[in-house]
Engineer: 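My questions all concern the structure below.
Hydrogens, waters and symmetry mates are skipped; everything else that's a heavy atom, side chains included, is used. In what follows, chains are A, B, ... by sequence order, proteins preceding strands, each numbered from 1. The structure presented is a predicted model; accordingly, all values stated were derived computationally and were not measured.
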Amino acid sequence: MDALYSALEPKLRERGQWELFEEIELPLCRCLAEMELAGCRVDSKALSDFGGLLSRRAEELESDIYRLADGEFNINSPKQLGEVLFDRLGLSHGKKTKTGWSTNADVLEKLRGEHPVADAVLEYRQLTKLKSTYADGLLKALDPDGRVRTSFQMTVTATGRLSSTEPNLQNIPTRTDLGSEIRRMFVPEAGNVLVDADYSQIELRLLAHISGDEGMRAAFLSGGDFHAETASRVFGVERKDVTHEMRRRAKAVNFGIVYGISAFSLSQDIGTTQKEAKAYMDAYFATFPGVRAYMDRVVEQARTDGYVETLYHRRRDLPELSSSNFNLRSFGERVALNMPIQGTAADVMKLAMIAVWKRLKAELTQARLVLQVHDELIVECPAADAEKASTLLKEEMEGVAQLSVPLTADAHWGKNWLEAKG
DNA sequence: CTCCGAGTCAGG
DNA sequence: CCTGACTCGG
């Protein structure tokens with residue numbers, strides 16, 4: 001250990017990363033170890049019942065699909081499915097993959113009006129995904145005490161985020177009603193509750209803070225619905241005249257900006273032409289000129305240094321920026337824009353976890369952190385401590401960094417993860 | 001039997 | 001943009 005320290009400490013100090021190591025990565029280790037050990041209780045009866053329901057519905061769809069396609073085949077094989085849809089039934093194909101025509105959800109959505117089999121396959125895919133990855137997957141990972149224990153990796157991602165494996169508890173469904181039922185199966189011990197706290201728009205708030213863009217800061221300081229605020233500014237209409245569609249598009253642009261998106265990807269996301277997407281981005285940058293100036297600065301700096309870094313000096317090397325390959329270079333530019341934002345959010349969350357962990361140890365000894373999902377923390381505690389734990393989580397998450405815009409977190413609790421999401 | 005790339009889809 | 005799991009098929 002001494003030898004390692006004396007070899008590595010000067011290297012970290014040279015790079016300005018000693019504090020990152022001592023104040024974030026090192027203390028986080030124990031916190032993660034305890035979370036891994038604690039695990040999270042799963043209602044195995046409810047989960048296997050749900051799995052049964054999924055199986056039955058998937059079987060019905062399977063026979064529907066064979067009937068509609070006039071023959072049996074392996075629906076799970078993209079190759080066979082593509083042959084049935086595009087060669088045999090003659091449906092119109094979209095983009096191609098290396099091995100054939102794509103059969104992904106985007107393509108199947110477009111085929112909905114053309115043939116009823118498309119809808120059946122989409123639903124079949126949803127059910128079998130939930131069944132194999134989540135219902136069966138979680139049951140298989142269940143320990144004898146009824147809890148699942150993930151493994152959190154600290155040294156895998158290029159941005160500083162954690163990753164979760166065997167099982168991955170950072171991609172439990174939330175976007176559809178059926179999928180989010182899985183969250184209902186994550187439950188506390190008898191007499192306990194789950195408390196869930198999540199940061200609101202942390203990445204966009206960090207963009208507002210780091211870029212210093214006055215308009216974007218004002219939008220957050222106003223405290224309203226940020227995507228609607230953005231729509232109002234970008235489309236030049238009164239806040240009350242923002243339509244659902246305007247908000248939806250503004251939200252997609254906000255989302256894309258954080259990724260250093262291209263007009264092409266944005267057009268894919270919101271279903272418009274590339275030209276229209278470009279117009280939205282131009283309007284966005286005209287509205288928030290400080291964001292464009294920041295982005296130009298980051299890429300320029302990255303070209304000079306060969307790396308980008310977060311507010312806490314976590315670093316990502318970017319050899320791609322000096323590539324002679326245009327696509328690779330463009331990729332490097334998008335990474336240069338995304339990493340400081342996504343990475344700083346990860347740093348902030350890690351600091352919050354350490355702070356929460358310390359306070360729980362001191363003030364709520366029965367409570368324990370159980371999960372982290374990038375911008376969300378889940379604590380299990382006695383029902384009587386729910387209110388205190390909620391307040392503690394909110395305070396520590398919001399107080400861990402001082403930004404030029406509010407950093408806000410919302411906490412709720414319930415008898416399962418779905419309820420606790422609020 | 002194991003390994004691996006590709007396609008797909010779950011999350012942020 | 002950042003991930004991981006499952007399935008197929010070689």
Engineer: When the distance from CG of A:Asn168 to P of B:dT8 is rounded to whole Å, what number comes out?
Structural biologist: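 Those two atoms, CG and P, are 21 Å apart.
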Engineer: May I have the distance from A:Trp417 (atom CH2) to B:dG11 (atom P), rounded to whole angstrom?
Structural biologist: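 After rounding, the gap between these two atoms is 11 Å.
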Engineer: Distance check needed: C:dT3 P versus A:Gln372 CD, whole Å only.
Structural biologist: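 Going from CD in A:Gln372 over to P in C:dT3 covers 14 Å.
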Engineer: Give the rounded distance in Å between these two atoms: CG of A:Leu127 and P of C:dC6.
Structural biologist: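 Value for this atom pair: 18 Å.
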Engineer: Give the nucleotide from the list C:dG4, B:dG12, B:dG7 with an atom nearest to the side chain of A:Ser163.
Structural biologist: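 When the side chain of A:Ser163 is considered, C:dG4 is the closest of C:dG4, B:dG12, B:dG7.
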Engineer: Pair A:Arg147, A:Glu380 - check salt bridge (Lys or Arg N to Asp or Glu O under 4.0 Å), show working.
Structural biologist: CA-CA 13 Å; A:Arg147 300 181 77 90; A:Glu380 179 177 350; 2.8 Å; yes
Engineer: Out of the candidates A:Arg125, A:Gln80, A:His93, only one should pair with A:Thr103 under the side chain to side chain contact (heavy atoms under 4.5 Å, CB included) rule; please name it.
Structural biologist: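 With A:Thr103 as partner, A:Arg125, A:Gln80, A:His93 yield a single side chain to side chain contact (heavy atoms under 4.5 Å, CB included), made by A:Arg125.
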Engineer: Ignoring the backbone of A:Thr97, work out which of B:dG7, C:dG9, C:dC8 is nearest its side chain.
Structural biologist: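 Ranking B:dG7, C:dG9, C:dC8 by closest atom to the A:Thr97 side chain puts B:dG7 first.
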Engineer: So if I take every side-chain heavy atom of A:Pro78 and compare against B:dT8, C:dC1, C:dA5, which nucleotide ends up nearest?
Structural biologist: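 When the side chain of A:Pro78 is considered, B:dT8 is the closest of B:dT8, C:dC1, C:dA5.
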Engineer: Verify side-chain contact (heavy atoms from CB on, under 4.5 Å) between A:Thr230 and A:Phe288, making sure each step is shown before the conclusion.
Structural biologist: CA-CA 9 Å; A:Thr230 305; A:Phe288 301 131; 3.9 Å; yes
Engineer: By nearest nucleotide on DNA chain C, pick out whichever of A:Thr133 and A:Lys79 is the more 5' one.
Structural biologist: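 Looking at the nearest nucleotide for each, A:Thr133 comes out on the 5' side.
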Engineer: A:Asn171 side chain: which of C:dC2, B:dA10, B:dC9 is closest?
Structural biologist: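 For the A:Asn171 side chain, the nearest candidate turns out to be B:dA10.
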Engineer: I need the A:His115 NE2 to A:Ser92 OG distance, nearest 0.5 Å.
Structural biologist: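 Nearest 0.5 Å value for the NE2-OG distance: 11.5 Å.
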Engineer: B:dG11, C:dA5, B:dT8: which one has an atom nearest the side-chain heavy atoms of A:Pro173?
Structural biologist: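 Closest of the options to the side chain of A:Pro173: B:dG11.
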Engineer: Look at all strands and tell whether A:Ala346 reaches a base, only sugar-phosphate, or nothing, counting heavy atoms closer than 4.0 Å.
Structural biologist: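 Nothing: the residue A:Ala346, judged by heavy atoms under 4.0 Å, touches no strand.
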Engineer: Could you tell me how far apart A:Gln342 (CD) and B:dG12 (P) are, to the nearest whole angstrom?
Structural biologist: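 Atom-to-atom, A:Gln342 to B:dG12, this comes out as 13 Å.
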Engineer: Rounded to the nearest Å, what distance is computed from the CG atom of residue A:Leu108 to the P atom of nucleotide B:dG7?
Structural biologist: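 Computing the A:Leu108:CG to B:dG7:P distance gives 15 Å.
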Engineer: Looking only at side-chain atoms of A:Arg125, point me to the closest of C:dC2, C:dT3, B:dC9.
Structural biologist: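 The nucleotide sitting nearest to the side chain is B:dC9.
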Engineer: Roughly how many Å is it from CG in A:Leu81 to C1' in B:dC9, rounded to a whole number?
Structural biologist: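 Distance, rounded to whole Å: 14 Å.
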Engineer: Considering only side-chain heavy atoms of A:Lys98, which listed nucleotide, B:dA6, C:dC2, B:dT8, is closest?
Structural biologist: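 Among the listed nucleotides, the one closest to the side chain of A:Lys98 is B:dA6.
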Engineer: Check the distance between B:dA10's C1' and A:Gln126's CD and give it to me in whole angstrom.
Structural biologist: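 In whole Å, B:dA10 C1' and A:Gln126 CD are 11 Å from each other.
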Engineer: Check whether any side-chain heavy atom of A:Tyr284 lies under 4.5 Å from a side-chain heavy atom of A:Arg292, and answer yes or no.
Structural biologist: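 No, too far: nothing below the 4.5 Å cut-off.
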Engineer: Looking across every strand, which nucleic acid part, if any, lies under 4.0 Å from A:Val156 by heavy atom: base, sugar-phosphate, or nothing?
Structural biologist: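 It contacts sugar-phosphate atoms only.
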Engineer: Can you tell which of B:dA10, C:dC1, B:dA6 lies closest to the side chain of A:Tyr134?
Structural biologist: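 So the side chain of A:Tyr134 is nearest to B:dA10.
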Engineer: Test A:Tyr280 against A:Phe235 for ring pair (Phe, Tyr, Trp, His ring centres under 6.0 Å), laying out the working first.
Structural biologist: CA-CA 9 Å; A:Tyr280 287 142; A:Phe235 294 108; 5.7 Å; yes
Engineer: Which nucleotide in the set C:dT7, C:dG4, B:dG11 lies at the smallest distance from any side-chain heavy atom of A:Thr165?
Structural biologist: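 Nucleotide nearest to A:Thr165's side chain: C:dG4.
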Engineer: Using a 4.0 Å heavy-atom cut-off, does A:Gln80 contact any base of the nucleic acid, only the sugar-phosphate backbone, or nothing at all?
Structural biologist: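 Contact class for A:Gln80: sugar-phosphate only.
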